[in-house]
Structure formats: C-alpha cells, structure tokens
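Remarks on the structure that follows.
Bear in mind that the values here come from a model prediction, so they are computed numbers and not experimental data. Numbered from 1 within each chain, the chains take letters A, B, ... in sequence-line order.
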Amino acid sequence: MNRGILRHPLLGPASLRPGAGDATIAWRGGYPVTRAQLLADVLATAAQLPAHTHVLNVCNDRYHFLVGFAAAVLQGQVSLLPPSRVPGALQEIATDYPDVYLLVDGPLGDGALPQFRLHLEIGREARSVASFDPANVPQIPGDRQAAILFTSGSTGQAMPNPKTWDALVRGAVQNAQALRPLPDHDFTVVATVPSQHMYGFENTIMVTLQGHCAVQCDRPLYPDDVRRALEATPEPRLLLTTPVHLKVLAESAGPQPSVTGILCATAPLTAKLAAQAEAKFGAPVKEAFGCTEAGVMATRRTVLDEPWQLLDLFTVEARPDRTLVYADHLPETVVMQDVIEPVDARRFRLIGRGRDLVNIAGKRASLGDLNARLLSIPGVQDGVIFMPAQADADGQVVRTTAFVVAPGMTREQVLAALRQLIDPAFLPRPLYLVDSLPRSESSKLPRAALLDLLARQPGEPGT
Amino acid sequence: MAATGTVQTAFETELAGLITSALNLEGVAPEDIAPEAPLFGDALGLDSIDALELALAISKRYGFELRSDDADNTRIFATLRNLASHVQARRTT
C-alpha cells in the first residue's frame with residue numbers, strides 16, 4: 001500500500017507530549033537516561049557519522065546500538081543488521097553493499113572495513129527538561145529505508161529483509177500490544193537477547209525509540225546477572241527472553257525478583273517449562289510467534305496450551321506445507337515454512353516446521369545454507385550437515401552433526417574454516433571425517449542412511 | 001600451590017567430566033581437555049550457549065553462581081585450569 005509521504009517522529013508520538021523530555025527511556029549501569037538525553041546523544045552522533053549509504057551496526061552495548069541506529073535513520077543511512085558477527089558474514093554483506101562502514105563500540109574485525117567507534121559515557125548528567133523541545137524531534141519519511149535484516153536462505157547466500165521506517169514504526173505498535181503486561185502502565189523491558197536480530201531489534205530498540213516502554217540496556221547472561229539486572233530496573237518490568245535462557249533460569253537455585261510479565265520467543269516452549277518459569281518469577285509467561293520477515297505476529301499464554309492469537313494487523317492462510325502471512329505494513333506476503341491449522345479467523349495452532357529449517361537455541365538457519373557453505377570450503381570434496389534429532393522439547397540444546405569428506409584436512413581445519421562462515425550455534429558437534437557419504441543413485445542422502453552412518457561412529461551409543 | 005604442566009589434576013578431571021556431560025561433547029573424553037588449552041573460541045569451540053549451560057551445571061553441582069561482570073571472567077573461563085581453580089575457591093558443596 002502506498003503510504004505516500006507520511007512521516008513518523010523519530011521518538012514516537014509520546015515525545016510530543018508535555019514533560020516527555022524528563023521521562024526515563026533507558027537504564028544503563030544503574031543510571032536512568034531521559035528522553036532529552038537520548039535525543040541529544042542521537043543528534044550529536046548523527047552529526048559525526050561518516051558519510052556512507054549503509055552502516056553495519058555491530059555495537060555490543062544496547063544504548064550504543066539504540067543511539068547509533070536512530071542517528072543512522074536520521075542521516076538516511078540504511079542499517080545493516082548481520083545474522084552473525086563472524087568475519088565471513090560481515091564480509092559477505094559488505095560485498096553486496098560496498099558503500100558501508102562498521103559502527104562499533106569495541107574492538108572488532110581486521111580493519112578491512114572502515115569503522116566508526118561510538119562511545120557514550122554512562123552516568124553523565126541528564127539534560128534538564130528545559131533543553132528538550134518537542135519541535136526538535138525529527139520527523140522521518142515513512143518510505144525511508146531504515147534497516148535490512150539478514151536471514152539464512154537455502155542457497156548459501158544471506159537473504160536481505162528490507163524494513164522501511166513506516167513498517168518498523170507500525171510494527172512497534174504491534175509489539176507494544178504483545179509486550180504490554182498491564183494496560184495503561186509504563187514498563188521497562190529487561191532482555192537477554194541481542195539488538196541485532198529481529199526479536200531483540202523490535203522489542204528492545206524500536207519499541208523504546210517509539211516511546212512504548214523504557215529499556216534496561218544491561219544485557220544479562222547468567223541467572224545471577226538476570227537477578228541483578230532486574231533488581232536494577234524499576235517495576236513494572238518485563239523479562240524478554242528465549243526458551244534456552246528460560247530453562248536455565250527456571251532450573252537455577254537462587255530466587256529471582258518478581259516481574260510483571262515474561263515474553264518468550266525464537267523457539268518452541270513447552271507448557272511444562274512455561275509453568276516452571278511462571279512459578280520462578282511469579283508472572284505470566286507469554287510466547288511470541290513470528291519471523292524476521294514479518295516480526296512478531298501472534299502470542300499465546302503457553303501454560304494454558306492455548307492456540308496462537310494473531311496481533312491486529314496480521315492475517316494468515318494455511319497451506320499444506322507452508323503458511324502465507326499478510327499485513328498492511330509488510331512490503332509483500334511472507335511465506336513461512338511452518339504449517340498451521342486455523343482454529344478461527346484470528347487464532348491457529350502450530351503443526352510443524354519445514355524440514356530445511358534448523359533452530360538452535362533460538363537462532364534460525366537453513367540447512368541448505370549451512371550445507372552450501374560447508375561445500376564451499378577448499379579441500380572439502382563432499383559433506384553434509386544435518387540435525388540428528390529434534391531439539392528436546394524442554395529446551396535441551398541439540399546441535400548439528402556433520403560428515404565430511406576432505407582428504408588431507410584434519411577435523412580442526414574443517415571446523416576452523418566453517419567457523420569463518422557460519423554462526424557458532426550451528427557448528428557441527430560432532431563433525432566426523434569419512435571416506436564417502438552414503439549417497440543414493442540419484443545422489444540424495446536419505447536420512448535413514450545418515451542415521452545409520454552416525455550409529456556406526458566410534459563413541460556413538462550402540463558401538 | 002598452583003598446578004602446572006599438561007597433566008590434569010584430579011579436580012580438573014572431575015570438572016572436565018562435568019563439562020563434557022553438561023554440554024554433550026560427543027567424541028571428547030574428559031581427559032582430552034588439555035588443562036591450559038583455550039575452552040572458548042577455536043580449540044574446544046565452546047560458545048555463549050555453552051557458557052550458559054555450563055554455568056547452570058556448575059551452580060547445581062558446586063553450589064555457587066557465576067557472574068558476567070566478575071572482573072576476572074575472561075581469565076576464569078580461559079582454560080580448564082583457571083576454571084577449576086575458580087570453582088574450588090568458590091564452591092560450597
């Protein structure tokens with residue numbers, strides 16, 4: 001749909017209200033950051049960014065990512081969000097978008113690409129309210145290309161998913177609907193997920209920028225880190241996480257602070273794990289369903305084993321082997337490899353996933369992609385990466401397995417080469433060197449033959 | 001007195017066993033983890049998912065919790081030897 005020259009304010013409609021400048025929009029290292037401070041940081045950063053059409057935002061710190069992204073949008077630079085930080089992924093993107101620089105906040109890379117380093121001190125004095133003028137909040141044209149998120153395609157090339165400013169802003173309204181734990185209450189998101197993937201990008205960066213919530217910029221890893229990040233965040237606070245993290249948190253010994261709600265996504269969650277997490281945190285666990293192409297599109301309360309409930313803007317059509325997703329703010333129909341069963345016009349159940357897709361600890365890749373990259377390694381004559389089993393439903397991580405024919409190479413050499421090309425989550429564990437693969441006459445690799453070959457490896461159960 | 005050399009101490013072997021079983025490192029025997037080889041990155045190839053699962057396993061077995069902002073975190077997780085020494089100092093069970 002042609003949105004014409006409709007513009008959206010960089011900091012959302014909430015920034016135009018009286019007193020908006022004084023509101024806390026982020027927490028960093030125990031210090032609140034006001035909207036006035038965020039705007040000042042964005043404007044100052046925008047003035048310093050080097051002149052390129054594209055920017056690879058690989059900032060580790062969430063506040064740096066937030067400011068860097070907003071500054072880039074203001075300057076009309078398209079933010080490229082890589083699927084992984086491995087050198088191969090960055091280099092591949094830079095090849096397709098040559099007028100690019102790296103936006104970093106720490107050491108990264110070998111200097112092959114130009115870099116701009118962002119460093120904003122934590123705990124600087126907040127700007128006074130008097131210096132915040134809603135008229136200074138920039139208006140951004142809706143049709144401006146704001147970001148491109150990359151996903152794993154089936155042919156060995158990363159697939160670009162372009163997002164206009166309009167799509168991101170309207171998506172953020174949907175996400176706020178999914179996140180909001182209490183009606184008409186401000187809340188702060190505490191997230192274990194990175195800012196560069198769609199789930200974290202939508203639910204920690206865009207929602208904050210658009211004023212739907214505040215964000216805790218500390219990104220906790222271990223249960224003790226989560227405890228301290230929550231304690232450092234005023235209530236109401238919402239935990240944004242994944243099943244891998246939720247499992248570790250639910251099983252950890254110490255108590256966790258109460259939260260008002262938990263949102264979990266990127267991989268299937270069992271009702272059992274959801275119940276454990278609800279007991280641990282004293283809050284309802286909602287699951288979000290979506291993908292990079294469409295963003296979050298449906299939610300459900302997992303413990304009730306409910307069907308998925310579509311968010312307002314989305315409609316879906318079920319097909320035998322895929323699902324079509326429509327939403328006004330998306331550039332085109334999204335085809336998902338998941339198979340669903342509609343319950344009614346607004347609700348559905350998830351039946352299964354396409355076989356090309358592998359999901360490990362919430363990261364998604366195409367097996368076709370992983371295999372193409374394995375075979376691209378010089379010295380590898382033949383090989384296959386596959387999933388020996390489905391991920392354990394209670395969150396136990398299952399990794400890929402690989403058989404490789406590479407005479408003259410050691411296992412370590414193959415892994416070292418793979419490590420440059422694919423996200424560490426998908427590195428095979430184990431990787432076996434073999435003399436040949438059990439290909440059929442038509443050159444296919446039947447799954448049964450692979451499992452049989454696996455069972456015959458030394459160290460596998462049954463040998 | 002700090003352990004030196006390439007031979008695992010008894011506790012290092014115990015901890016190596018916890019690592020291989022908690023992380024399902026098939027094809028890696030506990031005694032194969034060289035005490036002073038890097039745990040993360042290239043050699044054994046552990047990643048951040050492993051860090052999380054390992055932290056949980058350590059907390060359950062040894063009764064204390066790891067923290068990301070421990071100033072020595074890079075050193076603690078650098079090798080089996082460093083991790084073993086950190087766990088022994090902090091364990092409550």
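To the nearest 0.5 Å, the span separating NZ on A:K247 from CG on B:L56 amounts to 6.5 Å.
Looking at heavy atoms from C-beta onward, A:R399 lies out of side-chain contact with B:L25 at the 4.5 angstrom threshold. At a threshold of 4.5 Å between non-hydrogen side-chain atoms, the residues A:H245 and B:L52 count as touching. Side chains of B:I49 and A:K363 form no contact here, defined as non-hydrogen atoms less than 4.5 Å apart.
Neither the backbone nor the side chain of A:L427 has a heavy atom closer than 4.5 Å to any heavy atom of chain B. Heavy atoms of B:A29 lying under 4.5 Å from chain A are absent altogether.
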task: Please step through salt bridge (Lys or Arg N to Asp or Glu O under 4.0 Å) for the pair A:R419 and B:D47, ending with a clear verdict.
output: CA-CA 11 Å; A:R419 201 167 276 121; B:D47 63 15; over 6 Å; no

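Under the salt bridge (charged side-chain N to carboxylate O under 4.0 Å, His left out) criterion, A:R373 pairs with A:E92, A:D369, sequence neighbours left out.
Between B:E65 and A:S252 the shortest heavy-atom distance is OE2-CB, 4.4 Å.
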